[in-house]
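No hydrogens, no waters, no symmetry mates; every other heavy atom, side chains included, goes into these values.
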Amino acid sequence: MQEKVVTALLTALNGAKQKGQLRTPVWPTVSLDAPKRPEWGDLASTVAMSLAASEQKAPHDIAQIIVDNLSERDQLFDRVEIVRPGFLNLTVKPTLWQEVIRDIARQGRSYGRTDIGKGRRVLVEYVSANPTGPLHVGHGRGAAVGQAVLRLLNAIGYDAVGEYYINDAGRQMKLLGASVYARYQELSGRTATFPEDGYHGSYITAVAQQIKAQLDSVAEKLNPADLEARCRSLAYEMLLGFIREDLRSFGIEIQSWFSEASLLESKAIEQALDELKARELLFHQEGAWWFRASLYGDEKDRVVKKQDGEYTYLASDIAYHHDKLRRGYDLLVNVFGADHHGYVPRMQAVMQAYGHPKERLHVVLVQLVKLLRDGVEVKMSKRTGDFITMREVIDEVGSDAAKFYFLMRDSKTHLEFDLELAKQHSNDNPVYYVQYAHARICSLWRVASERGITRPTASETDLTVLTDPDELGLIKKLAAYPEVLEASALAFEPHRVTYYLQQLAALLHTFYNKHRILPPAGESDIDESAADGLTPGRTAARLVLMGAVQQVIHNGLDVLGLSAPEQMSFTTSHE
RNA sequence: GCGCCCGUAGCUCAGUCGGAUAGAGCAUCAGCCUUCUAAGCUGAGGGUCGCUGGUUCGAUUCCAGCCGGGCGCACCA
């Protein structure tokens, strides 16, 4: 719809240029928004005002020229108005809005999807939590955001794949092994020195207990170093297994798992660094090897190989991203915790060092989640390992509710997450508000079929009866979905869709409350239904409209990775 | 000290490639269920868009400087 109008405006502009009425060489982007007030029409554009400078004319005059050159004016618009400085207020013919419903019915699940990504390949790296403990709430937000970004990109025609980078090499693995080993010893009645900076969480003891059960029979034959190594690898496998399970039960499916250790084994780190060395982007100083990150806008150069000969974390990451690039992705998206924002320039320097524009890597930052219970902050201490896990949250509030909350706000801002609110099955809970809108429409189908009313098809229904402002308001919101989806995907900001769905659901609930869709079951209410002009034709048209609303809510929830239930369970609703 | 992010209603937050009287939810108050699910709806009150300048016909939006909060500034990951 918006597209049609923009095209019409551009045609008018070009026509005016040919007649010599306008002379701006390149048109600015033709803005077209739903204005704030209904009396300003359905769509408003500010092109005339933005052309004022280059045309050296009054905005109002330019607007007039555009209007005069609108060749399809009568086919498209009921009303075209020029207001004060130079706003162009357009009221689109209802028949065009009604067409939107047919589009939705025809396109179904693909309504809103586009191909502007042109099949370009994208790798979305997300979660990537160290396999040294269970996922916590912050990881949950990262998982929800990463998955939503991935699905959004796919929805606009990219070919996106999700990957989890496993930090299974280096220091934290050693610490994990040492921590588990120490607990193992304690469980065996021996005193052990717990490593400084070790993992203190109680889950370590639980893991040690399980490992002890497995190893007790052979433990005697192992020297301490071997035993610790066994502890390390068994603990790693167990913890990564928990992570996989947690993600699965959260409804997150990671297509690809990439091991950091594999980079060491395959010599990929050496190769990646050699390539940089060959381009003189590495230098040796004070016994260490440095990457010239400052050449590409980072604030300083960075060590990749330490004096002791060990690679830094950055070296692995260089090799990892080198590998991603070699796999032929056109765009790399990394979902990072916001505390890693300082790392971004470094990684973008790496992109450039390998000859790619820094925009080829886009980093989505995800801020911390502040957990509340009834408005009181739930304190978490990383040091003692005493934190609320993602598992506990989804067990308590459910996957859909958790995801919706994680996706409600711009990911780069702090999020307050009230557990009590999130699990409430009430009107205070936006998740159910949206899902309920979907379920309500599904319920309509059930009641309709009980009363012998068959569901009308969009193509065979006369939709011109849909002229009520509430009906048109609903359609206009539906018409905006493709734009919202596209903008949301291009900005890597899923919360725009979440917000849109709440608005759409609100319109639906209002409509549902105000207008009847099905004729009443009895005959007593004939007058009431007549007052709202409820004829069989109107019922059919409204049912088609409801089908379109249902479809869009479904599509929106789906792109966010949420379910669209056909009915709500009322088990805990009334107290 | 330097860098990044945030500062919008009592609370939590949308909106910001510059536009017309700044929005939603919660909370508060007043209403709506013999009718398609009240997990819903209607109405009311509530704001110097952190402050000060600048650019502009026009700034909550862009720029600069301040103030307040968070995070980051390792041969840790």
Side-chain angles (χ1 to χ4, degrees), chain A residues 28-29 31 33 35-37 40 44 46 49-50 52-53 58-59 83-87 89 130 132 167 169-172 175 197 260 285-290 299-300 302-308 310-314 316-317 337-345 365 367-368 372 375 408-410 412-416 418 421 424-433 435-437 439-448 450-451 495-496 498-500 502-503 505-506 508-522 524-525 528-529 539 546 567-570 572-574:
Chain A
T29 47
S31 72
D33 306 296
K36 286 181 237 172
R37 305 174 74 83
W40 295 335
T46 56
M49 287 182 281
S50 43
V83 184
R84 271 185 268 168
F87 288 99
N89 291 346
N130 288 343
T132 54
N167 294 118
R171 206 175 99 93
Q172 65 272 304
L175 276 174
D197 303 328
E260 179 187 5
Q285 189 179 308
E286 294 166 9
W289 282 94
W290 300 67
E299 44 184 47
K300 50 180 110 165
R302 309 289 177 176
V303 171
V304 291
K305 194 172 188 179
K306 298 186 273 183
Q307 279 182 341
D308 63 9
E310 298 249 338
Y311 292 117
T312 61
Y313 181 83
L314 177 62
S316 301
D317 252 357
D339 53 342
H340 286 71
H341 66 79
Y343 207 68
V344 176
L365 294 175
Q367 261 296 1
L368 297 176
L372 307 175
M408 248 190 337
R409 311 297 184 207
D410 188 342
K412 64 176 165 292
T413 65
H414 290 267
L415 174 72
E416 290 209 352
D418 194 312
L421 194 59
Q424 254 180 53
H425 290 207
S426 75
N427 51 349
D428 298 351
N429 195 332
V431 192
Y432 299 111
Y433 185 82
Q435 290 186 326
Y436 181 40
R440 259 187 156 170
I441 297 170
C442 292
S443 147
L444 219 43
W445 308 132
R446 290 189 292 269
V447 175
E450 278 167 23
R451 298 189 189 167
H495 74 278
R496 299 191 193 201
T498 319
Y499 195 74
Y500 168 85
Q502 291 181 81
Q503 293 180 321
L508 183 276
H509 287 308
T510 299
F511 185 86
Y512 188 92
N513 223 262
K514 194 164 160 189
H515 303 286
R516 273 210 144 262
I517 294 154
L518 298 172
S524 55
D525 289 326
E528 196 187 314
S529 58
T539 287
M546 289 300 111
Q567 54 190 350
M568 310 298 279
S569 60
F570 284 87
T572 54
S573 63
H574 303 290

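Between A/Q567 and A/R446, the closest side-chain pair of non-hydrogen atoms falls below 4.5 Å. Residues A/L508 and A/M546 meet the side-chain proximity criterion, which asks for heavy atoms closer than 4.5 Å.
OP1 or OP2 of B/A14 lies within a sub-4.0 Å distance of a side-chain N or O belonging to A/T413. Using a 4.0 Å cut-off, no side-chain N or O of A/K300 falls inside it from OP1 or OP2 of B/C73. Distances shown here put every side-chain N or O of A/Y512 at or beyond 4.0 Å from the OP1 or OP2 atom of B/C33.
Distance from the side chain of A/V447 is smallest to B/C36 among B/C36, B/U42, B/C75. Comparing B/U21, B/U35, B/C6 by their nearest atom to the side chain of A/R37 picks out B/U21. Of all nucleotides listed (B/C75, B/C41, B/C36), B/C41 comes nearest to the side chain of A/H509. Comparing B/A77, B/U12, B/C75 against the side chain of A/A288 picks out B/C75 as the nearest. Nearest to the side chain of A/E416, among B/U12, B/G23, B/C36, sits B/U12. Candidate nucleotides B/G23, B/A38, B/A77 were compared by shortest atom distance to the side chain of A/N130, and B/A77 ranks first.
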Between the protein and nucleotides 68-71 of chain B, are there any N/O to N/O pairs under 3.5 Å, and if so, what are the atom names and distances?
unit_1, atom_1, unit_2, atom_2, d
B/G70, O2', A/H414, NE2, 3.4
B/C71, O2, A/H341, NE2, 2.8

Restricting both atoms to N or O, compile the protein contacts to nucleotides 15-18 of chain B shorter than 3.5 Å, with distance only.
unit_1, atom_1, unit_2, atom_2, d
B/G15, OP1, A/H495, NE2, 3.1

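B/G19 sits 11 Å from B/A59 when the P atoms are compared, rounded to a whole Å. Taking atom P in both B/C63 and B/G18, the straight-line distance is 10 Å, to the nearest Å. Nucleotides B/G45 and B/A24 have their P atoms positioned 12 Å apart, rounded to a whole Å. When the C1' atom is used for both B/C6 and B/C49, the distance is 14 Å, rounded to whole Å. Here the separation of B/U34 from B/C29, taken at their P atoms, is 24 Å to the nearest Å. For the P atom pair drawn from B/C62 and B/G68, the interatomic distance equals 22 Å after rounding to whole Å. If you take atom C1' in B/G10 and the same atom in B/G46, they sit 8 Å apart, rounded to whole Å. Here the separation of B/U16 from B/C11, taken at their C1' atoms, is 23 Å to the nearest Å.
For A/A505 and A/L365, each mapped to the nucleotide of RNA chain B holding its nearest heavy atom, the one lying further toward the 5' end belongs to A/L365. Nearest-nucleotide positions on RNA chain B for A/G342 and A/T46 put A/T46 closer to the 5' end.
Rounded to a whole Å, the CG atom of A/L421 is 17 Å from the P atom of B/C11. The separation between A/L415 atom CG and B/G25 atom C1' is 14 Å, rounded to whole Å. Atom pair A/R516:CZ and B/U34:C1' shows a separation of 12 Å (rounding to whole Å applied). A/D418 places its CG atom 19 Å from the P atom of B/G25, with the value rounded to the nearest Å. At whole-Å resolution of the value, CE in A/M49 and C1' in B/G58 are 9 Å apart. Between the NZ atom of A/K514 and the C1' atom of B/U35 there is a distance of 18 Å, given to the nearest Å. Regarding A/R440, its CZ atom lies at a distance of 13 Å from the C1' atom of B/U35, rounded to whole Å. One interatomic measurement links the two molecules: CZ of A/F511 to P of B/C36, which rounds to 16 Å at whole-angstrom precision.
Remark: the backbone N or O of A/Q307 is not paired with any side-chain donor or acceptor of A/E310 at under 3.5 angstrom. Using a distance-only test at 3.5 Å, with no hydrogens or angles considered, a donor-acceptor pair links the side chain of A/R451 to the main chain of A/P519. Side-chain atoms of A/D33 do not come within 3.5 Å of backbone N or O of A/A44 as any donor-acceptor pair. The backbone N or O of A/K305 lies less than 3.5 Å from no partner atom in the side chain of A/T312, so there is not a single donor-acceptor pair. Looking at A/S443, its side chain never comes within 3.5 Å of a backbone N or O of A/A439 through a donor-acceptor pair.
Contacts of A/R409 with the nucleic acid, taken as non-hydrogen atoms under 4.0 Å apart, include base atoms. Residue contacts for A/W40: at a heavy-atom cut-off of 4.0 Å it reaches a base atom on one of the strands shown. Across all strands shown, A/K36 has heavy atoms under 4.0 Å from sugar-phosphate atoms exclusively, and none from any base. Among the heavy atoms of the strands, none lies under 4.0 Å from A/Q503. Within the 4.0 angstrom heavy-atom criterion, base atoms lie near A/A44. Here A/Q307 lies in heavy-atom contact (under 4.0 Å) with a base. Contacts of A/D33 with the nucleic acid, taken as non-hydrogen atoms under 4.0 Å apart, are absent. Using a 4.0 Å heavy-atom cutoff across all strands shown, A/Q567 reaches at least one base atom of the nucleic acid.
Here A/R496 pairs with A/E493 under the side chain to side chain donor-acceptor pair (under 3.5 Å) rule; sequence neighbours left out. In terms of the salt bridge (charged side-chain N to carboxylate O under 4.0 Å, His left out) criterion, residue partners of A/D410 (sequence neighbours excluded) are, by chain and number, A/K412. In this view, A/T46 and A/S31 satisfy the side chain to side chain donor-acceptor pair (under 3.5 Å) rule, not counting sequence neighbours.
For B/A20, the base has a donor-acceptor partner in the side chain of A/N89 [N/O atoms by modelled type, under 3.5 angstrom].
Going from atom CG of A/D197 over to atom CG of A/L175 covers 6.5 Å, rounded to the nearest 0.5 Å. We find the CG-NE2 distance between A/L365 and A/H341 to be 8.0 Å, quoted to the nearest 0.5 Å. Taking CZ from A/R171 and OH from A/Y313, the interatomic distance works out to 13.5 Å, rounded to the nearest 0.5 Å.
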Under the 3.5 Å Watson-Crick or G-U criterion, the dot-bracket string of RNA chain B, with | for inter-strand pairs:
(((((((..((((.........)))).(((((.......))))).....(((((.......))))))))))))....

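The aromatic rings of A/Y343 and A/H340 stand perpendicular to each other, their planes meeting at an angle above 60°, with 30° marking the opposite boundary.
Remark: ring of A/F87 not stacked against base of B/G19; the cut-offs of centroid gap under 5.5 Å and plane tilt under 30° are not jointly satisfied.
Base orientation of B/C33: syn, the glycosidic angle falling within 90° of 0.
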For A/H414 and A/L368: C-alpha separation, side-chain torsions, deciding distance, then whether side-chain contact (heavy atoms from CB on, under 4.5 Å) applies.
CA-CA 6 Å; A/H414 290 267; A/L368 297 176; 4.3 Å; yes

Can you list the steps and then say if A/R409 with A/E416 is a side-chain contact (heavy atoms from CB on, under 4.5 Å)?
CA-CA 9 Å; A/R409 311 297 184 207; A/E416 290 209 352; over 6 Å; no

